[in-house]
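What follows is a short report on a single structure.
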Amino acid sequence: MMTEAVKEFLCYRCNLKIKYDYYGKKPPFAKSIAIGEECYVIKDPFTSDVGIINLGSHCSVCQRSVCASGDCSIFYCKRFCLQCVQENIEEFPIEIRQEIKDKSLRQTNR
Amino acid sequence: MSDKYKDERHSRRHRPVVENERRFQESRSHGRTEQDETREFSFLRHKHSLNKIFFRSQDFIRRGSPEYDDFWLFVEKYETFQQKAKTKPQASSSCHLGDSSLGIPLQYDKTNRINISVQNKDVEDFLRKGRLADAEIAPELTVDRVKEFRNIFLYYLDFQQKQKFNKLKKVKSDQENLPIYQYKSEIVDMIRDNQVVVIAGDTGCGKSTQVPQYLLQAGFKKIACTQPRRIACVSLSKRVGYETLNEYGTDVAFQVRFEKTKTQNTKILFLTEGLLLRQMTSDSLLSMYDVIVIDEVHERHIHTDFLLGVLQCLIHHRSDVKVILMSATINIHLFSDYFHDAPVLKVPGRLYPIEMEFCPIIKDRDEKHGKLDPSPYLRIMQRIEKKYPKSERGDLLIFLSGLSEIMCIVNAAKMYAQETKSWIILPLHSALSVEEQEKVFDIAPPGVRKCIVSTNIAETSVTIDGVRFIVDSGKVKEMSFDSKYKMQRLEEFWISRASAEQRKGRAGRTGPGVCYRLYHEREYEAFQDYTTPEIKRVPLDSLVLQMISMGLPDPRKFPFIEAPSIESLENSVLYLKDQGALYPDESLTPIGLMLSKLPVDVVIGKMLIMSSIFHMIDPVLSIAAAMSVQSPFTSKINTDVDSMAARKSLESDNGDPFTLLNAFDEWIQVKADGMHTRKWCKRRGLEEQRFYEMTKLKKQFKDLLRDHGLLDKVEDQPQYLSSAERRQKHGERKRLGELKREKRKESKRRKVLKLDDEDYQISDGEDDDNNDEGSNDIKDLEFRLSHDLKQLQETSNQSRHFTLHDVNLLKIILSSGLYPQVSIADDCNTFKSTSEQAFHTKNKPFVLLHPTSVFSYKPELLHPKHDLEQGKHDPTDLKGHLSNKHELLTFVSILETNKPYLINTMRVPALQTVTLFSNYIDTNSTCTRMICDSWLEIVIPDEEEAQTIMSSIIQLRATWQNLLKLRLEDTFLAMESERKISPRARRLERTLASKLSEFLSSDVRYKLRRVLPAEMKNVYLGPDRLSEINTFSLKSTSVKESKPHPIKGGVQFNEYLTHGCLFDDGTASAVGDFTVNMQRHWTCPQCDVSMIVNLSERLEHEVMCQTNNITVTPAQLKAEEEEDKASQMNPLRKSYFCPDCDQQLHLTMTEILKHKKLHTSGPSN
Ligand SMILES: [Zn+2]
Ligand SMILES: [Zn+2]
């Protein structure tokens, strides 16, 4: 059957699977954009104008690929998957600790 | 003007405020604190300077884009938020916390949460130097503030990324929530393992959008998905494009009859069934696709069935192709069996439970027969009111059979609703305007339910959310086709069980529902299982033509999934032969080949081809388009007296096609004059939507002709607009953009319907009389922007200045397509009332005029006209009047409702129409008596005139045939290269035009009558008499095409003409027999050879000689070439027929005007 190496991004947490256009910091299709981490990028499919969507990147601790959703990761200078955040919660500023606490509270309420 | 000056001017508008502030500031200028200053400062006030810094040298968020507007809103919100935050004590965190073991600062800084930045030269410059080299920046914008603004810009980018990401995620999660998602891998596996797969799933399971995507993900790259409806192709391609994140790419595309978005990149193509079939004529194995998905097979359209048959053959020739049939859960085994037990996958729909109740109508004793009784429907409305509290929402959908039934229930229900104030009654059927149809999607106010009274259009085509109650009458009105009479019949039937289930299912789409069936369970059991497929109900002409053009020689042997009646097939083959599309051996004629390439029906196709031959394209296109859409004239029942009166000026005495042309032209004129056509249409009871459809179709027909080399390739003349016009265009374009944005917003939140005392109105709908700003009409603006109105106006002006000659030529062109759809008036019409005017077609006697026809209120137009020599009645003239003005009535279709009616009628000159188009002309020996197509008799008492007419017929038909042949040859040759009409064709065109106009203005007096089938048995001499009559001619005809006719007698000269086979009708002169055999000197006008011949020999020579008029002598050829050169030098020259000189001329527009003046300026000798 017809198979081919498709460049696909997969979030290990939520299984979001999307074909990506570019991996890196400077997507060639949006010249003025620079991203502060190596990440998976697609051209913005919702506009005919220049645009990107950052899908996610690798967790700086466990190196697994994780999506940009707040339910899966946070960015604070670097990308951290929520699991690694939980495991290293003490290493984060108080504001982030609070945010994570609120988030898990919301999720248990849901 | 310096930038600074602009800035000041800008702020002047806010002067009072600014001045107050200034005074306030001044009064306390010494005690100013940092906080005060930030409170007063706002980035919003420095938009101008900030634009210079931030929005010049990056293309990520462009000025003027929606994102740009969105960004400034964000700035506004940010500032408000900042101000609130200021009032709260800020957590002081001045001490440095250092980095954690993860290498991140423990000192929280929210800019660290942002991972995106935009490179911007101007910003960097400013931050470095505190100014810009090429722009002045307001002094309040310090470097720190610009830094802050840069951060806001980054927060916005971050926020925007989150928004976009969430949108992306929603697309994915919505897909995963569809019922079919559970079967994804199963579907892919099945397709891998089988060549044909049937996927059966009910509405809402997601098969139409998801299966193509699963195929794409499984690695297929050439996916074709067919849909029965064009509109579905477009919307599905949009939807799937969006879902595959390819909204702006071309990976997912559609292709319909006249429109496509397909490119080489396209991987999923949505197309109509008809189009896929058409592609098979050039690519019989459909090698451009690796998988073919046929959606909605259960609907069983004629093309669906045809396609299924074709695919069944295809899979034997291509083992690599996959076929997927998608259907509702109806009659699945039929499809599976047809494809040798193809595996079936059933996907449950998303349907809530539906309570069902049979409430058969108990017939009242004194109920008037045939009239629908609304009380059972009202009783159910009452029951719903009692049983279900008003707070529970849920609308009612009533299924009725047809228009009059809907009107009846709507009226009764409205009366009832006025008492209870708890219902809004909305009719729904295809004859309503789009706006009216869309009302059913609007929302009822709280405590009120919608009651939608609909035909079966709401069964599958229109899906309305929020329906909770269904009332099913169990009836449907369906068009059936009688192939023998070529008659459509609108009849009421019980629906099928499948359709009853479908109707019921409509109650359970958004929640549990209730279905009331107004029939007995026993009746339900007796319903047929499935709705009769279309192939058994419609004419098969186009289908048969297409089959033959695809190389399927015998349509009778086609492996239909369910075969249509053999009679219907035979009648279509016969019809196509009659239309000249098939040879007697059922192979394609050149015209048949052309027709098979045009995706329109045979009648329209022929008109289009002929319009090109006679260079009378524009009016024919208008009429052909008008015949192909619903009539813009709303029915008389719904139209008030004023509208009817206002329509008068549009009505044409020539008939309905001309009335339609007038209406269309007038509409264009009104538009071109800058007036509001919406209002104009309303005044006349016209449905404007139809005119837009006609314009579109007309353009499509034109493209079609151009694509097939039937239209001169004229380069579009560049439009020169004055600056005022350009400004106007610009304004219109802007206004259109605004209106569209408004409309988009509007359609997002559905309108709320209003419960009104008098009638129901849409609360924010516009009232045409108060709001007759044409600029509020999106359709109108779009039209104005996409068409050159000036040009349209010119062409429609042309058609309105028709001469009698033009009208007659137009009639002949239309008749060439319509024939044999002609009818003759009943002899007694003069004595009968308007509604009883009867007409006879060849096969169907006593058909009436449809009440919408012009002739139904002006029947006198069709009464026999006495010519000038009235009163000079021949005593032997018992069978009809002698006149040169006999007419027939052509029609587009016959529709039988309670009575059979002729639709879209036009009066045409009888002699000319019949003799030019009939397939068989039989004559007596003197040619004074003709019977055409075995039912219309023409008697021309004057022998000499009769023979001249016969010569004209022979010449005209031969020239026409040859010209057609030449033009089509030219066309096929020139299909790719530049279009060119050969000089020979042009010569024939001229001969034909002048001969035709001569023929059309012929004032030969003749009698016309209908010959009944019984009489036809006794009109022929028969073969026995042959030897006596034609001994002379037989001697000389041994080598030619002519042969004695084995049944009729006489001699058959060519495919249509049999001479000398009829008895004389008794009125002929006694010397007839003698003169027939008399030999005379005669010089053939075509070959210029003199000979001594009798009549039969002469006609025979003419038949032969005229057939060869396609060839030319060297001298003629030379002359032609010269002329060709001359005309090429001036391409603006076109053929023009001058009625005064009675000549076909070749002139430019100015030359035409000059020429016209010649006739008008003073009497020329
Ligand atoms: Zn994730
Ligand atoms: Zn991790």
Side-chain angles (χ1 to χ4, degrees), chain A residues 1-4 6 8 11 14-19 21 25-26 30-37 39 41-57 60-61 67-72 74-80 84-85 88 90-99, chain B residues 57-62 65-67 91 93 97 99-121 154 157-158 160-169 171-173 176 188 191-192 217-221 241-249 290:
Chain A
M1 197 83 191
M2 312 126 252
T3 42
E4 169 188 298
V6 182
E8 225 165 16
C11 171
C14 68
N15 286 324
L16 177 75
K17 200 162 113 187
I18 292 175
K19 251 194 268 175
D21 295 319
K25 287 181 165 185
K26 281 206 55 70
K31 289 256 179 335
S32 47
I33 290 287
I35 307 164
E37 60 176 331
C39 62
V41 177
I42 58 168
K43 285 180 217 161
D44 182 355
F46 305 116
T47 173
S48 55
D49 280 345
V50 181
I52 62 156
I53 300 182
N54 178 1
L55 300 176
S57 57
S60 62
V61 178
C67 77
S69 157
D71 296 334
C72 295
I74 62 160
F75 184 84
Y76 186 70
C77 298
K78 301 175 198 169
R79 179 72 56 188
F80 299 96
C84 290
V85 175
N88 301 285
E90 298 304 324
E91 305 293 328
F92 285 89
I94 181 86
E95 287 84 353
I96 292 181
R97 282 185 238 169
Q98 190 57 44
E99 188 184 306
Chain B
S57 62
Q58 52 90 14
D59 59 354
F60 197 64
I61 294 177
R62 284 180 299 108
S65 65
E67 281 159 328
S93 48
L97 291 172
D99 287 358
S100 79
S101 65
L102 292 170
I104 50 173
L106 285 169
Q107 164 76 52
Y108 187 72
D109 180 349
K110 65 179 173 177
T111 54
N112 286 340
R113 300 298 299 270
I114 294 164
N115 69 346
I116 191 165
S117 67
V118 170
Q119 286 169 353
N120 192 329
K121 198 178 121 308
L154 292 180
L157 288 183
D158 187 54
Q160 198 194 29
Q161 281 295 309
K162 288 203 170 91
Q163 262 189 332
K164 285 179 179 175
F165 184 85
N166 287 338
K167 197 168 169 188
L168 198 66
K169 238 187 144 174
V171 170
K172 294 283 165 189
S173 63
E176 285 162 20
V188 171
I191 292 165
R192 246 181 258 268
Q217 285 161 23
F220 290 97
K221 292 205 171 54
Y242 179 81
E243 287 189 17
T244 52
L245 308 181
N246 222 291
E247 199 179 354
Y248 294 94
D290 52 21

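Letters go in sequence order (proteins before strands), and every chain restarts at 1. Everything numeric here is computed off the predicted structure, so don't read it as measured data.
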At a heavy-atom separation under 4.5 Å, does Lys167(B) approach chain A through its side chain, its backbone, both, or neither? both
Give, for atom CG of Asp158(B) and atom CD1 of Ile116(B), the distance between the pair rounded to the nearest 0.5 Å. 8.0 Å
Counting only heavy atoms closer than 4.5 Å, note whether Leu55(A) contacts chain B via side chain, backbone, both or neither. both
What are the two closest non-hydrogen atoms of Gly36(A) and Phe75(A), and how far apart are they? O-CZ, 4.2 Å
Heavy-atom pairs under 4.5 Å with chain A are the metric here; pick the option from Ile114(B), Asn166(B), Thr111(B) that has the most. Ile114(B)
Could you check if a side-chain atom of Leu154(B) sits within less than 4.5 angstrom of a side-chain atom of Ser117(B), using non-hydrogen atoms only? yes
Distance from Tyr76(A) atom OH to Ser60(A) atom OG, nearest 0.5 Å? 13.0 Å
Is it the backbone or the side chain of Ile61(B) that comes under 4.5 Å from a heavy atom of chain A, or both, or neither? neither
The interface call for Leu16(A) against chain B, heavy-atom contacts under 4.5 Å, is side chain
From NZ (Lys162(B)) to NZ (Lys169(B)), nearest 0.5 Å: 13.5 Å
Heavy-atom distance under 4.5 Å to chain B: side chain of Lys25(A), backbone, both or neither? neither
Under 4.5 Å heavy-atom distance to chain A, tell me which part of Lys164(B) shows up: side chain, backbone, both or neither. both
Could you check, using the six-membered ring where one of them is a Trp, whether Tyr242(B) and Phe46(A) have ring centers closer than 6.0 angstrom? yes
Most contacts with chain B, counted as non-hydrogen pairs under 4.5 angstrom, among Lys17(A), Lys31(A), Glu91(A), Arg79(A): Glu91(A)
How long is the straight-line distance from CD1 of Ile33(A) back to CD1 of Ile52(A), given to the nearest 0.5 Å? 5.0 Å
Looking only at Gln161(B), Glu247(B), Glu67(B), the option with the highest number of non-hydrogen pairs under 4.5 Å against chain A is Gln161(B)
Heavy-atom contact with chain B under 4.5 Å, split by part of Cys14(A): side chain
Proximity breakdown for Lys43(A) and chain B, heavy-atom pairs closer than 4.5 Å: neither
Please check if any side-chain donor atom of Asn115(B) sits under 3.5 Å from a side-chain acceptor atom of Glu37(A), or the reverse. yes
Roughly how far, to the nearest 0.5 Å, is CD of Glu95(A) from CD of Gln107(B)? 7.5 Å
Best-contacting candidate, Val61(A), Ile74(A), Ile94(A), Ile96(A), against chain B by heavy atom pairs under 4.5 angstrom: Ile96(A)
Segment of Pro66(B) engaging chain A (4.5 angstrom heavy-atom cut-off): neither
With chain A, the option among Ser173(B), Ser65(B), Gly103(B), Pro105(B) that has the most non-hydrogen atom pairs under 4.5 Å is Pro105(B)
Within the structure provided, determine whether Asn88(A) and Ser101(B) are in side-chain contact (heavy-atom separation under 4.5 Å). no
Greatest number of non-hydrogen atom pairs under 4.5 angstrom with chain B, of Cys77(A), Ala30(A), Ala34(A), falls to Ala34(A)
